[in-house]
Novice: 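One structure, pasted below without further comment.
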There are 2 protein chains.
Amino acid sequence: MRTELPAASTASGPGVEDVLGLIRAGGGRITSTRRVLLEVLLGSDEHRTAEQLAALVQARLPEVHLSTIYRNLEELQRMGVLVHTHFGHGPATYQPAVGAHGHFVCDVCAATVEIPPELVASLADGALASSGFVVEPGHFAIGGRCAHCARA
Amino acid sequence: MRTELPAASTASGPGVEDVLGLIRAGGGRITSTRRVLLEVLLGSDEHRTAEQLAALVQARLPEVHLSTIYRNLEELQRMGVLVHTHFGHGPATYQPAVGAHGHFVCDVCAATVEIPPELVASLADGALASSGFVVEPGHFAIGGRCAHCARA
DNA sequence: GTGCTTGCAAACGTTTTGCAGACTC
DNA sequence: GAGTCTGCAAAACGTTTGCAAGCAC
């Protein structure tokens, strides 16, 4: 929104009230949509599409519109609370920024595998050394074939 | 289409006539659209969007429709002549399969950097060893910040 | 002539935008 | 009351599909 999350957040990430405080501090308003969206979003590390998030929020607030979800997701990403990832050709998925990690996604069966942190680290080190590029592996999944589909 | 490109193609990749021959061998017809599209596509290693390719073909065959381009691109990918890559949020880009490589793409300025082959290889080795995953790094670019934007 | 290929138009799924009214502060 | 946020509708975007006419073989 208008403020960034301080680096001093706890390792498990900010809570709902922390983020609401940030929103208020930045001149934003605390609405029930925002509170419920944050509860849904920060309550799990799962990747969810905007539509899934809308459904979860609508379970409690049926009037909430998908476009409102998109607008809030965008703000929360600007604040650094969330990140989104593209898996294959489907919709983007959203997750808390804390604990974000890289993924392999199978082009055949769409299975996802978390990339081991040491692999991410060596890729990031190599990228920095060779071209000065700072890798942020969370944003795009890396395609290929999972062990099962590669055998077939 | 209905046939796969033999592994014996030259290192610089098949020429227009080679691919047309394959199409014919698979029961397909040789149309002027296909010939021009292949000339445009195989004449350079650049990444081009379907729309750019359509414009290039239309310079010579003004009647060609974008959906025809998409249909032909799909067939050429099935034959293994082409691959497509997703950079950021925009449209997919297409390029000859020969010489395909991984890319870093800057989330800020959209610059792209070719990933050094040895980095790709070590990522692929690590993926295979840790999870049996066979990486195909061409399909998705890896996000981050280029050297210039990372400094800012 | 058979049947693959094309142009066109229309639909698709995801995401964005313009607007007037509703709400938070 | 000022200014932010929302629901709704509509558009934007890249891509896919159905169909009848057209073309390669």
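Each chain gets a letter, A, B and so on, in the order the sequences are listed, and its residues count up from 1.
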Novice: When we call it a touch if two heavy atoms are under 4.0 Å apart, what does E63(B) touch: a base, just sugar-phosphate, or nothing?
Specialist: sugar-phosphate
Novice: Base, sugar-phosphate alone, or nothing: which one does T33(A) contact when heavy atoms must sit under 4.0 Å apart?
Specialist: sugar-phosphate
Novice: Hydrophobic side-chain clustering at under 4.5 Å (ILVMFWY, transitive links): who's grouped with V83(A)? Put none if nobody.
Specialist: none
Novice: Answer yes when E75(B) and R78(B) have at least one side-chain N-carboxylate O distance shorter than 4.0 Å, and no when they do not.
Specialist: yes
Novice: Which nucleotide in the set dG3(C), dC25(C), dT15(D) lies at the smallest distance from any side-chain heavy atom of R24(A)?
Specialist: dC25(C)
Novice: Look at the side-chain N and O atoms of Y70(A) and state whether any lies under 4.0 Å from the OP1 or OP2 oxygen of dT15(C).
Specialist: yes
Novice: Of the listed nucleotides (dG14(D), dT14(C), dC5(D)), which one gets closest to any side-chain atom of E75(A)?
Specialist: dC5(D)
Novice: Would you please confirm or rule out a distance under 4.0 Å between OP1 or OP2 of dG7(D) and any side-chain N or O of T68(A)?
Specialist: yes
Novice: Quick one: which of dA9(C), dT15(C), dC5(D) gets closest to the side chain of S67(B)?
Specialist: dA9(C)
Novice: What is the separation between atom CD on Q58(B) and atom C1' on dG7(C), rounded to the nearest whole Å?
Specialist: 12 Å
Novice: Provide, to the nearest angstrom, the distance between the CG atom belonging to L20(B) and the C1' atom belonging to dT5(C).
Specialist: 14 Å
Novice: Expressed as a whole number of angstroms, how long is the span from H86(B):NE2 to dT15(D):C1'?
Specialist: 11 Å
Novice: On DNA chain D, check which nucleotide each of H65(A) and Y94(B) is closest to and give me the residue with the more 5' one.
Specialist: H65(A)
Novice: If you go through the side-chain atoms of R71(B), does one of them form a donor-acceptor pair with the base of dG7(C) closer than 3.5 Å?
Specialist: yes
Novice: Rounding to an integer number of Å, can you tell me how far E74(A) CD sits from dT6(D) P?
Specialist: 13 Å
Novice: In whole angstrom, what separates L66(B)'s CG from dT15(D)'s P?
Specialist: 9 Å
Novice: Could you check whether R35(B) pairs with E17(B) (Lys NZ or Arg NE/NH1/NH2 to Asp/Glu carboxylate O, under 4.0 Å)?
Specialist: yes
Novice: For the pair made of CD1 in I69(B) and P in dT5(C), what is the distance, rounded to whole Å?
Specialist: 15 Å
Novice: Starting at OG of S131(A), measure out to CD1 of I115(B) and round the result to the nearest 0.5 Å.
Specialist: 8.5 Å
Novice: Tell me: CG of N72(A) to C1' of dT6(D), nearest whole Å?
Specialist: 9 Å
Novice: Would you kindly give the CZ-to-P distance between R78(A) and dC5(D), to the nearest whole Å?
Specialist: 10 Å
Novice: Enter the distance from L123(A):CG to L128(A):CG here, rounded to the nearest 0.5 Å.
Specialist: 11.0 Å
Novice: Taking the minimum atom-to-atom distance to the side chain of R29(B), which one of dT4(D), dA24(D), dG14(D) wins?
Specialist: dA24(D)
Novice: Indicate whether OP1 or OP2 belonging to dT6(C) is found under 4.0 Å from a side-chain N or O atom of T31(B).
Specialist: yes
Novice: Counting only side-chain nitrogens and oxygens, does R34(B) get under 4.0 Å of the OP1 or OP2 atom of dT5(C)?
Specialist: yes
